[in-house]
Number of protein chains: 2
Amino acid sequence: MALTIKEAAEHTGLTVHTLRYYEQEGLLKALKRDERGNRLFEPEDLDWLYFIRCLRDTGMPVAKVKHFAELAFKGDHTMRERLQILQDHKRSTERKVEEMNSFLEKITHKTVWYENLVREREQAAEKV
Amino acid sequence: MALTIKEAAEHTGLTVHTLRYYEQEGLLKALKRDERGNRLFEPEDLDWLYFIRCLRDTGMPVAKVKHFAELAFKGDHTMRERLQILQDHKRSTERKVEEMNSFLEKITHKTVWYENLVREREQAAEKV
DNA sequence: TGTTGACTTCAAGTGCACTCGAAGGTGTAT
DNA sequence: ATACACCTTCGAGTGCACTTGAAGTCAACA
């Protein structure tokens with residue numbers, strides 16, 4: 001049922017180092033331990049880690065994820081603030097995606113331009 | 001015609017520090033200087049900087065931009081290699097955008113979920 | 001029995017990309 | 001004349017997010 005740190009790492013795509021780092025930074029609420037003190041990751045911890053990945057991979061700094069986590073651990077009365085953070089992050093991610101798309105367009109243009117140039121040179125080479 | 005470093009910074013959205021850093025790292029070909037040794041940014045330098053921004057803002061590391069720059073400075077015989085780099089980067093950027101979009105979806109879901117929860121609590125509060 | 005491998009802690013190290021500070025030169029405005 | 005805003009170089013410092021190392025415990029396998 002509960003996973004070891006290694007299994008949790010495999011499931012989330014994070015390293016065991018990063019998982020320990022996240023716990024120590026306060027991004028995870030105190031994990032259960034077995035008799036030997038080994039960390040146990042329960043399904044809800046995994047869900048939380050997937051969500052952390054979402055936030056991190058869309059550019060939220062660890063410190064901000066930590067803040068969000070602390071609010072979540074405090075209970076329901078922090079919901080409005082958490083909602084605000086999510087809405088802001090959603091908007092900033094949307095902007096980022098738009099920006100990425102416009103950069104992607106420029107890169108595509110340049111690529112096409114290069115492709116044409118390379119093709120021309122090869123045709124010119126054939127004629128010789 | 002040619003811009004000072006400050007003006008170039010304003011046009012490209014980079015800082016003067018970053019511009020000097022880019023030159024020193026070899027991302028820019030030797031800039032012209034005025035009588036006093038001050039850098040002069042010509043339109044083609046600006047174009048190149050815009051393109052660098054494209055690459056950087058889509059996640060290409062400085063070292064790789066540098067490699068691309070060096071190829072470009074070497075002349076036309078490096079075109080195939082440059083094309084290859086651009087094609088690869090284009091693909092990796094496309095993947096990144098797709099990933100961002102899927103993360104964005106999850107964040108949107110979570111946001112909506114929070115919005116509903118907050119609304120419910122407020123309605124419950126009204127009844128009391 | 002010994003060695004392999006997974007886990008633990010704590011602290012220090014790394015890599016990237018800036019970012020800043022010190023020390024100094026020059027041109028224009030008051 | 002002196003202050004201010006700009007520029008220069010070189011080298012060191014910063015911030016973030018890991019990442020690694022050292023030193024140790026424990027259980028299972030050959």
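Every chain is numbered from 1, with letters handed out A, B, ... down the list of sequences.
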Asks: Compute whether any side-chain donor of one residue and acceptor of the other, for A:Asn101 and A:Glu105, lie under 3.5 angstrom apart.
Replies: no

Asks: Could you check how far NE2 of B:His17 sits from C1' of C:dA17, rounded to whole Å?
Replies: 14 Å

Asks: Grab the CD-C1' distance between A:Gln24 and C:dT8 for me, whole Å please.
Replies: 13 Å

Asks: With a non-hydrogen cut-off below 4.0 angstrom, is A:Arg20 in contact with a base, only sugar-phosphate, or nothing?
Replies: base

Asks: What is the separation between atom CD on A:Glu25 and atom P on D:dG15, rounded to the nearest whole Å?
Replies: 15 Å

Asks: For A:Thr4 and C:dA6, is the shortest distance between a side-chain N/O and OP1 or OP2 below 4.0 Å?
Replies: no

Asks: Of all the choices, D:dC18, C:dC18, C:dT9, which nucleotide is nearest to the side chain of A:Val62 once you look at every atom?
Replies: D:dC18

Asks: For A:Arg20, does the CZ atom sit with more than 12 other heavy atoms under 6.0 Å from it, leaving out its own atoms?
Replies: yes

Asks: Indicate, with a heavy-atom threshold strictly under 4.0 Å, whether B:Thr15 touches base, sugar-phosphate, or nothing.
Replies: nothing

Asks: Measure the distance from CD on A:Glu35 to C1' on D:dC26 and round it to the nearest whole Å.
Replies: 11 Å

Asks: To the nearest angstrom, how far is B:Tyr22 atom OH from C:dA17 atom P?
Replies: 8 Å

Asks: Any side-chain N or O of A:Arg36 less than 4.0 Å from the OP1 or OP2 oxygen of D:dT25?
Replies: no

Asks: What integer distance in Å separates A:Tyr21:OH from D:dC16:P?
Replies: 9 Å

Asks: Looking at C:dT8, D:dC18, D:dT8, which one has an atom nearest to any side-chain atom of B:Arg39?
Replies: D:dT8

Asks: Given A:Tyr22, which of A:Thr12, A:Leu27, A:Val65 fulfils the side chain to side chain contact (heavy atoms under 4.5 Å, CB included) condition?
Replies: A:Leu27

Asks: Rounded to the nearest 0.5 Å, what's the gap from CD1 on A:Ile107 to NE2 on B:His89? Could you check?
Replies: 4.0 Å

Asks: Return the value, rounded to whole Å, for the distance between atom CG of B:Leu27 and atom P of C:dC16.
Replies: 14 Å

Asks: Identify which nucleotide among C:dC7, C:dT9, D:dC7 has an atom closest to any side-chain atom of A:Ile5, counting heavy atoms from C-beta outward.
Replies: C:dC7

Asks: Ion pair present between A:Arg33 and A:Glu23, side-chain N to carboxylate O less than 4.0 angstrom?
Replies: yes

Asks: Measure from NZ on B:Lys66 to P on C:dC18 and round the result to the nearest Å.
Replies: 14 Å

